[in-house]
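Written out below as structure tokens is the structure these notes cover.
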Amino acid sequence: MNCQVNGSEENTSTLCGSNTKTIRDVSGIVARENSKMSNEVMININYGEESSMIGSGNGNNDNVPEMKVQEQHAKADSSFLHSVINMSGTLIGLGQLSTPYAVQNGGWASAFLLIGFGILCAYTSHLLAECLKNNAKLRNYLDIAQFSFGKKGRVMVSIFMYMEIFMSLVSFTISLHNNLGQVFLGAKLLNLSWINTAQALTVIAIILVLPTVWLRDLSKISFLSVAGILMSLVIFVTIGCTAAFGGIKTNQSIPVLQLNKIPAVSGLYIYSFAAHVLFPDIYKSMRDPSQFSKVSIASFGLVTVFYTGLGFMGAKLFGSGVSSQVTLSMPRHLIITKIALWAVVLTSLTKYAFQLVPVASVVECKLPSSMSSKMRKFIRGTVGSLLLIFVLILALTVPYFENVLGLTGSLVSISVAIIYPCAFYIKIFRPQLSKLGLAFNVFFIIFGLFLGIIGTITSSKSLVQNENTSSTLGESDTKTTGDALSGIVSPENKKESKEIIVDINYYKGGSSTNDHGNGYDVHETKDQQQYAKADSSFLHSVLNMSGILIGLGQLSTPYAVQNGGWASAFLLIGFGIICAYTSHLLAECLKNNVKLRNYPDIAQYTFGKKGRLIASIFMYMEIFMSLVSFTISLHDNLGQVFLGAKLLDLSWINTAQALTVIAIVIALPTVWLRDLSKISFLSTAGILMSLVIFVTVGCTAAFGGVKANQSVPVLQLRNIPAVSGLYIFSFASHVLFPDIYKSMKDPSQFTKVSIASFGLVTIFYTALGFMGAKLFGSGVSSQITLSMPRHLIITKIALWAVVLTPLTKYAFELVPVASAVERKLPSSMSVKMKMFIRGTVGSLLLIFVLILALAVPYFENVLGLTGSLVSISVSIIYPCAVYIKIFRPRLSKIALAFNVVLIIFGLVLGIMGTVSSSKSLVRNLGKQW
């Protein structure tokens with residue numbers, strides 16, 4: 001279906017197949033829709049279409065049927081000059097900010113690479129025009145991809161295009177943040193330790209932009225596209241004025257060539273020329289398409305001169321001190337600097353609505369045609385808003401402009417601008433190409449692949465290095481993360497600095513924390529002193545927290561979305577926000593008393609030993625019920641992996657049950673280990689398996705022949721109590737958050753870590769939920785992998801990923817229980833006897849878990865019951881309660897009321913969910929027996 005943004009709010013029913021025009025990156029295609037709007041800039045999202053009508057090409061004359069949307073493009077009225085302006089406008093963007101930095105770091109000889117890219121990209125734009133000329137029914141970049149390589153080619157190109165949109169948005173937001181910081185340098189907006197002025201201003205700017213994301217008729221803000229082009233010219237002029245009137249001499253030295261920096265610099269250079277996804281639109285908009293090659297030569301010539309001139313001007317002005325954004329190097333006292341900074345800020349703000357249009361429009365076109373226009377607009381706006389918020393979080397988390405821009409260029413732009421056009425041309429014209437012509441284009445593909453790979457590696461390394469060096473206490477040794485209740489990864493000693501040591505601090509004994517009324521005295525123990533070295537950077541902490549949040553919840557989220565209705569996803573998002581808030585409350589409690597080390601410590605500090613006991617009970621219940629859920633999942637997915645196999649000829653045990661018993665027997669030895677560093681790789685394996693599951697579900701949608709066109713009900717209120725348990729389970733890892741807080745080099749950033757982690761994971765779960773529900777509809781299983789087509793290889797990969805995930809968890813999950821037992825043993829007992837008793841207890845508990853899982857194999861009921869009975873208490877009720885208890889004298893009435901409401905909300909949902917899940921469990925057991 002061809003999907004476009006409708007230019008009229010009234011014609012909502014004709015959304016897919018509108019004639020509104022659109023743009024890609026920093027500027028836009030200046031086009032005229034009709035005589036009344038000849039001076040307006042319209043937006044065309046033609047490249048974001050998903051067409052099922054384009055035949056997969058074989059290089060010959062495949063028949064591509066005419067479509068209504070194509071007929072609407074029939075009126076082509078762009079003159080040569082308009083087309084040159086259009087193409088130049090799409091090419092001039094963020095690249096101008098980084099070109100001086102690239103010239104300085106690559107050396108003046110690297111400018112030949114910049115010029116070479118300009119020539120090469122002009123040539124590849126000519127190749128696209130030849131492909132379009134070969135078949136007049138091809139309309140856009142995606143059409144060419146499908147004509148050349150079929151639907152898989154279209155999907156692959158779409159992925160790269162959406163990656164470019166997303167990464168460009170992140171770059172824009174980083175630029176917005178950096179330049180806002182310079183505009184308001186020295187200003188103090190908020191007196192908060194966890195957010196600085198530039199970050200707060202960036203958040204405010206994004207909030208101001210959010211309403212534009214909800215617009216469908218972009219003609220109302222079309223002036224922003226023109227403004228973006230003008231701002232780009234303003235930046236160039238201000239830099240020239242700095243050289244002419246700013247009192248700065250252009251006498252800085254530029255090295256000849258720095259080969260070690262060429263891979264990273266090449267990414268910055270190629271990004272500046274990668275607007276090829278829009279060139280078919282320019283070609284089709286021309287009165288005389290035969291002049292397209294001349295338009296390309298003129299446009300790339302102008303832009304290459306523009307970039308080269310700006311690059312040398314900035315490098316000669318500021319030398320080795322030039323910033324990755326040249327405006328940040330300009331003298332702060334000059335009025336032209338303020339103009340330049342504001343130009344960059346405004347340029348970024350003009351882009352969000354236009355950049356997000358393709359994604360939002362594709363989402364809107366996937367919605368049922370029977371859905372009302374208001375609901376379509378609501379879902380479209382919500383998706384755009386969530387994506388923009390995610391972009392904001394990522395930009396504030398990884399604020400390294402040159403690395404992100406270079407990575408975008410090397411990873412995405414080089415494919416879109418060089419590799420794909422050459423590949424399309426070879427595929428379509430192979431029989432007509434001479435050996436020299438073929439070799440020429442193959443060479444460019446190899447050249448692009450080579451530069452892309454080394455550029456991606458270099459930019460990625462720089463990104464990681466910048467993140468590590470940004471921390472105040474130096475580089476961290478921490479390398480991996482754990483899963484829910486699996487532990488925090490930390491270095492044990494210098495000899496094992498490169499090993500992953502799992503330390504489950506939250507289960508430590510209660511003898512160290514004493515309740516003395518209002519004057520609590522918390523003594524440090526030897527166990528606690530092991531945490532003296534806090535060395536986790538911001539990025540490591542985000543990885544840690546995201547790692548422990550992503551777990552079993554991903555399997556059940558599609559089932560929850562389908563059974564609760566798509567509107568229930570707002571409950572999922574709400575839980576993500578609330579749990580991020582309650583993690584912040586735990587951090588405030590830890591900050592209040594620096595000797596508090598873990599979740600039970602906070603409970604005892606607040607409510608005494610009884611509080612610690614209750615918290616411990618809930619923690620152990622969560623561990624136990626999670627183990628049962630893991631084992632049920634292991635049983636169900638093993639049954640699918642070996643479907644039809646006959647392992648034992650026994651009436652009282654089937655193949656899946658026998659295989660589950662064998663798997664548990666294999667896992668038993670790990671329960672006896674005390675030094676978990678020997679199996680620490682399993683923690684990382686668990687996270688990788690989670691990512692594999694997500695990717696395989698996505699591949700099922702893309703390549704599995706399953707259409708994501710199933711209906712999802714709006715809301716099923718009767719199922720909300722049970723669904724809420726599944727949702728909250730996905731976010732309940734609060735018992736580990738104190739460990740993350742204490743492991744951080746800068747604990748004041750914990751709230752930012754929470755926001756970033758919960759933002760990422762909420763988007764992850766929401767996307768997976770909707771993807772699964774739309775793929776399988778009412779037939780979706782409580783574990784998404786059980787619904788995937790059995791004949792696909794990706795299904796087998798997903799099933800094995802789920803099977804291996806529980807096997808990576810048992811040792812880590814049982815550590816708290818086994819260690820608590822070991823600490824209760826007499827100190828006079830030998831180490832071997834302690835180890836024997838510890839291992840025996842762990843083994844017996846695991847066997848009990850196995851028996852219970854085989855007796856009650858109802859994954860959704862057990863998981864929902866865990867969420868409603870335990871998780872909601874651990875993640876919402878308890879954090880709010882301890883916060884009120886500690887900070888009651890200082891809390892405002894509003895803050896007090898807010899936390900009390902959250903407690904009541906948690907209690908109501910917890911009770912209703914527990915009752916609902918228990919009833920379903922009893923009902924299923926009744927049917928079984």
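Index from 1, following the sequence. Below, all heavy atoms of this structure are taken into account, side chains as well, without hydrogens, waters or symmetry copies.
- At distances below 3.5 Å, not a single donor-acceptor pair connects side-chain atoms of His177 with backbone N or O atoms of Leu392.
- The two atoms that bring Met788 and Thr696 nearest to each other are CE-O, 3.7 Å, heavy atoms only.
- Side-chain N/O atoms of Tyr425 and Thr124 include no donor and acceptor closer than 3.5 Å.
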Go through the steps for Arg154 and Asp143 under the test salt bridge (charged side-chain N to carboxylate O under 4.0 Å, His left out), then give the verdict.
CA-CA 7 Å; Arg154 189 183 190 99; Asp143 281 357; 3.2 Å; yes

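- Of all heavy-atom pairs between Phe444 and Ile418, the closest is O-CG2, 3.7 Å.
- With no hydrogens or angles considered, a side-chain donor-acceptor pair links Ser110 and Tyr269 at under 3.5 Å.
- At a threshold of 4.5 Å between non-hydrogen side-chain atoms, the residues Leu142 and Ser158 count as touching.
- Here Ile144 contributes atom CD1 and Asn134 contributes atom CG; the two are 10.0 Å apart, rounded to the nearest 0.5 Å.
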Assess whether side chain to side chain contact (heavy atoms under 4.5 Å, CB included) is satisfied between Leu411 and Phe160, documenting all intermediate values.
CA-CA 9 Å; Leu411 183 62; Phe160 274 85; 5.6 Å; no

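- Remark: side-chain polar atoms of Thr304 are not paired, donor with acceptor, to backbone N or O of Gly301 under 3.5 angstrom.
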Using side chain to side chain contact (heavy atoms under 4.5 Å, CB included), reason through Ile426 and Ile445 one step at a time and then give a plain yes or no.
CA-CA 10 Å; Ile426 291 172; Ile445 292 173; 3.9 Å; yes

Yes or no on side chain to side chain contact (heavy atoms under 4.5 Å, CB included) for Phe401 and Leu94, after CA distance, side-chain angles and deciding distance?
CA-CA 10 Å; Phe401 180 81; Leu94 278 177; 4.0 Å; yes

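- Ring centroids of Phe424 and Tyr420 are separated by less than 6.0 Å, placing the two rings close together.
- Residue Ile693 holds its CD1 atom at 13.5 Å from CD1 of Ile794, rounded to the nearest 0.5 Å.
- By the 4.5 Å heavy-atom criterion applied to side chains, Val103 and Val265 are not counted as neighbours.
- For His126 and Ser296, the side-chain atoms include no donor-acceptor pair closer than 3.5 Å.
- With 3.5 Å as the limit, one finds a donor-acceptor pair spanning the side chains of Asn441 and Tyr123.
- Summarising the geometry of Val157 relative to Ala145, their closest heavy-atom pair is CG2-CB, 3.5 Å, with the distance given to 0.1 Å.
- For the atom pair Leu114 CG and Thr308 OG1, the distance stands at 4.5 Å (nearest 0.5 Å).
- For the pair Thr795 (side chain) and Pro789 (backbone), a donor-acceptor distance under 3.5 Å is present.
- By the 4.5 Å heavy-atom criterion applied to side chains, Ile262 and Leu257 are counted as neighbours.
- What you find for Ser459 and Gly406 is that their closest heavy atoms are OG-C, 3.5 Å.
- A distance of 14.5 Å separates OG in Ser148 from CZ in Arg430, rounded to the nearest 0.5 Å.
- Heavy atoms only, all atoms of each residue included: Ser413 and Glu164 are closest at OG-OE2, 3.3 Å.
- Heavy atoms of other residues, nucleotides or ligands lying less than 6.0 angstrom from CE of Met156 number 12 at most.
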Stepwise, does the side chain to side chain donor-acceptor pair (under 3.5 Å) test hold for Gln96 with Ser272?
CA-CA 7 Å; Gln96 67 178 331; Ser272 304; over 6 Å; no

Would you check, one step at a time, whether the test side chain to side chain donor-acceptor pair (under 3.5 Å) holds for Gln258 with Asn105?
CA-CA 7 Å; Gln258 301 195 75; Asn105 282 271; 5.3 Å; no

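- Remark: the backbone N or O of Ser175 is paired with a side-chain donor or acceptor of Asn179 at under 3.5 angstrom.
- If you check the side chains of Ser98 and Gln325, you find no donor sitting under 3.5 Å from an acceptor.
- Here the side chains of Val697 and Leu768 are in contact, with some heavy-atom distance below 4.5 Å.
- Between Ile414 atom CD1 and Leu451 atom CG the span is 5.0 Å, to the nearest 0.5 Å.
- Counting only heavy atoms from C-beta outward, the side chains of Tyr400 and Ile174 never approach each other to under 4.5 Å.
- Remark: the backbone N or O of Leu138 is paired with a side-chain donor or acceptor of Lys284 at under 3.5 angstrom.
- Looking at heavy atoms from C-beta onward, Met87 lies in side-chain contact with Phe292 at the 4.5 angstrom threshold.
- For the atom pair Phe300 CZ and Tyr307 OH, the distance stands at 10.0 Å (nearest 0.5 Å).
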The test is ring pair (Phe, Tyr, Trp, His ring centres under 6.0 Å); show your working for Tyr141 and Phe279 and say whether it passes.
CA-CA 8 Å; Tyr141 197 90; Phe279 291 168; 9.1 Å; no

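- When side chains are defined from C-beta on, Cys422 counts as touching Leu127, because their heavy atoms get closer than 4.5 Å.
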Between Tyr271 and Ser168, is the side chain to side chain donor-acceptor pair (under 3.5 Å) condition met? List the steps.
CA-CA 10 Å; Tyr271 179 87; Ser168 294; 3.0 Å; yes

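- Residues passing the salt bridge (charged side-chain N to carboxylate O under 4.0 Å, His left out) test with Lys152: none are found, sequence neighbours excluded.
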Verdict with reasoning, Ile550 to Phe764, per side chain to side chain contact (heavy atoms under 4.5 Å, CB included):
CA-CA 9 Å; Ile550 297 174; Phe764 176 85; 3.9 Å; yes

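- Across Val326 and Val322, no two heavy atoms sit closer than the pair CG2-CG2, 4.4 Å.
- Val295 places a side-chain heavy atom less than 4.5 Å from the side chain of Phe80.
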